[in-house]
Protein chains: 2
Amino acid sequence: MKRIAFYGKGGIGKSTIVTNIAAVYAERGKKVMVVGCDPKADCTRNLIDEEIPTVLDVMRERGVVKGYEEIDVSEVVYEGRMGILCVECGGPEPGVGCAGRGVIVATDLLRRIGAYEGVDVVLYDVLGDVVCGGFAMPLREGLASEVYIVTSADFLAIYAANNICKGIVRYASRGGSLLGGIIYNVRGSFENAQAVSKFASLIGSRVIGSIPNSKIISESEIASMTVVEYAPSSDIAQIFRKLAEDVYRNQNAVVPRPLSKEALKEIAMNS
Amino acid sequence: MKRIAFYGKGGIGKSTIVTNIAAVYAERGKKVMVVGCDPKADCTRNLIDEEIPTVLDVMRERGVVKGYEEIDVSEVVYEGRMGILCVECGGPEPGVGCAGRGVIVATDLLRRIGAYEGVDVVLYDVLGDVVCGGFAMPLREGLASEVYIVTSADFLAIYAANNICKGIVRYASRGGSLLGGIIYNVRGSFENAQAVSKFASLIGSRVIGSIPNSKIISESEIASMTVVEYAPSSDIAQIFRKLAEDVYRNQNAVVPRPLSKEALKEIAMNS
Ligand SMILES: Nc1ncnc2c1ncn2[C@@H]1O[C@H](COP(=O)(O)OP(=O)(O)O)[C@@H](O)[C@H]1O
Ligand SMILES: Nc1ncnc2c1ncn2[C@@H]1O[C@H](COP(=O)(O)OP(=O)(O)O)[C@@H](O)[C@H]1O
Ligand code: SF4
Ligand SMILES: [Mg+2]
Ligand SMILES: [Mg+2]
């Protein structure tokens, strides 16, 4: 089973990218699962029309003391369009314990109840603003073999990308995930492909794909669909297909070399 | 001593606003302290030319086992321009424990070593992407009597603001902070004053000040200064002075009523 995680600063375009890559694999006949690891629990909104209960919701309702054996796969895994399996980890109420707790609880449960059986590809969509507690889970437990970091050219997004690299380095030596590559999403912020490629090459990686700012993405967002379903013959759908293919076939995962604060500022300065 | 916290999504404009409000109070002869509670540790960059050691750095170097008595105020509190006292909590390496740990450690230390003596106003600049662990500290320990939430009109910023309200509610009944108001920072994102005021009034609060997108802010950022120092007679400096005054005199702090997901989406939809 292919296991890939996508990290990046909140709002950078992770869910857009993950759901579209999932749709491309589904188009090719793969059984895909998307696991949303963002407390917003909206990662699979473009794949399934109903709002699905989060794993944390289900655990809370059952009273966790009953134990994992009580929860059936069908209570936490929902089939969306194109046969894509959708899971939302969820998060606790803000201010109540660790924001990443949903990820810890859910990833643990999914393994125990055999939720991955029959799945060809699992994609984790993970909040990357803080790389701690539950949000570091996909990196460290070998849940994902590769991580792709989504970034724009904005300093804050690159700063977050660099922190995610530090998280990867931390767990790499004990079976953690490796960095597969950087995905440059222009997403309305100012363009600076050079700054993003410079960052990627300095950390020992590369930009595996770039996604331009696209009106079709905004339209399909309003339609709550992936671009691959909404506008299958558009240029942007083709861009997602190429990205999905390049990610699938990528053999170059590395332990990144995170940059110092000075090096980061220099990239921002010279852009 | 006046104690005020400023929360908001990363990149929303907290440090810009906090340092400028600090400069206004300093202009009026107040002894001001700014405590940066963002792992980026760059909250006081516009107030002091040297990069100051974070509290966590100092604790780490000393080996925490020595205990608090060993650390002198001058090792963690630095005087910047206009006599403003600067503290950076710092954060652990990403992936290593709780991102908010610096805030827990630092706020605890500052109290014990008498760092607040002689201070008229302390302003906390706090990361608001996740409202858990250390980042909830300023809300719960009565460190701040009021909280101001900085937001733009973007859905993600308002979503984060709503989560911060949930954090406030959680601790309000046991001496936690109350919500003083919403600060609308246009910050280059699309303008929608109506959506922001609607959000503020639905949660039982109000917009206490609005800051337009400003080239002078960008210029002073490059000069690593506050607008109040860089362009003291500009319109934007006047806007900061009025905001600082309104915040200082505000008597209307409330326990907010966080909105449901549906209500939040409706605000975003109708904008
Ligand atoms: N390349 C793009 N062009 C236009 N809009 C985009 C692009 N990428 C993302 N968006 C929009 O940006 C917003 C945030 O994207 P999303 O995928 O939800 O981010 P994340 O999951 O990282 O928080 C969505 O409204 C989405 O439609
Ligand atoms: N009203 C504004 N107009 C123009 N630029 C702004 C405005 N507010 C903030 N900025 C810029 O946005 C960036 C992020 O602001 P900052 O105060 O550092 O955010 P935060 O502390 O919330 O992460 C900075 O480059 C800052 O100069
Ligand atoms: S580990 Fe991270 S997510 Fe968990 S409480 Fe700390 S800051 Fe929040
Ligand atoms: Mg998302
Ligand atoms: Mg800041």
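Order of the sequence lines sets the chain letters (A, B, ...), proteins ahead of strands, with each chain counted from 1. Computation of the quantities below employed the complete heavy-atom set of this structure, encompassing side-chain atoms and omitting hydrogens, waters and symmetry-equivalent molecules. Computed from a prediction, not measured in an experiment: that's the story for all the values here.
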Exercise. With a 4.5 angstrom heavy-atom cut-off, could you sort out which part of A:I222 is near chain B: side chain, backbone, both or neither?
Key: neither

Quiz prompt | Smallest separation among heavy atoms of B:C43 and B:D125, with atom names | solution = CB-OD2, 3.3 Å

Practice problem: Quick one: pull up OG1 in A:T151 and CD1 in A:I182 and give me the separation to the nearest 0.5 Å. | Solution: 7.0 Å

Quiz item: Counting only heavy atoms not in A:E219, do more than 12 fall under 6.0 Å of its CD?
Solution: yes

Quiz item: What residue, out of A:A99, A:C165, A:A136, has the most heavy-atom pairs lying under 4.5 Å from chain B?
Solution: A:A99

Self-check item: Closest-packed option against chain B by number of heavy-atom pairs under 4.5 Å, given A:K166, A:R101, A:R140
Solution: A:K166

Exercise. Answer with side chain, backbone, both or neither: which region of B:D129 has an atom nearer than 4.5 Å to a non-hydrogen atom of chain A?
Key: side chain

Quiz prompt | Toward chain A, the part of B:I164 with a non-hydrogen atom under 4.5 Å | solution = neither

Exercise. Look at atom CD of A:E51 and say whether more than 12 heavy atoms of other residues, nucleotides or ligands are closer to it than 6.0 Å.
Key: no

Quiz item: In terms of heavy-atom proximity below 4.5 Å to chain B, should A:V96 be classed as side chain, backbone, both, or neither?
Solution: both

Self-check item: Part of B:F155 lying under 4.5 Å from any heavy atom of chain A
Solution: neither

Quiz item: So which part of B:K261 gets closer than 4.5 Å to some heavy atom of chain A, the side chain, the backbone, both or neither?
Solution: side chain

Quiz item: Which of the residues B:C132, B:P94, B:G10 is involved in the greatest number of heavy-atom pairs with chain A at under 4.5 angstrom?
Solution: B:P94

Quiz item: Do you know which two heavy atoms are closest between A:C86 and A:I52, and how far apart they sit?
Solution: O-CD1, 3.7 Å

Quiz prompt | Region of B:P39 in contact with chain A, defined by heavy-atom distances below 4.5 Å | solution = backbone

Self-check item: Donor-acceptor contact present, side-chain A:K14 to main-chain A:K9, <3.5 Å
Solution: yes

Self-check item: Distance, nearest 0.5 Å, that separates OG of A:S152 from CD1 of A:I183
Solution: 13.5 Å

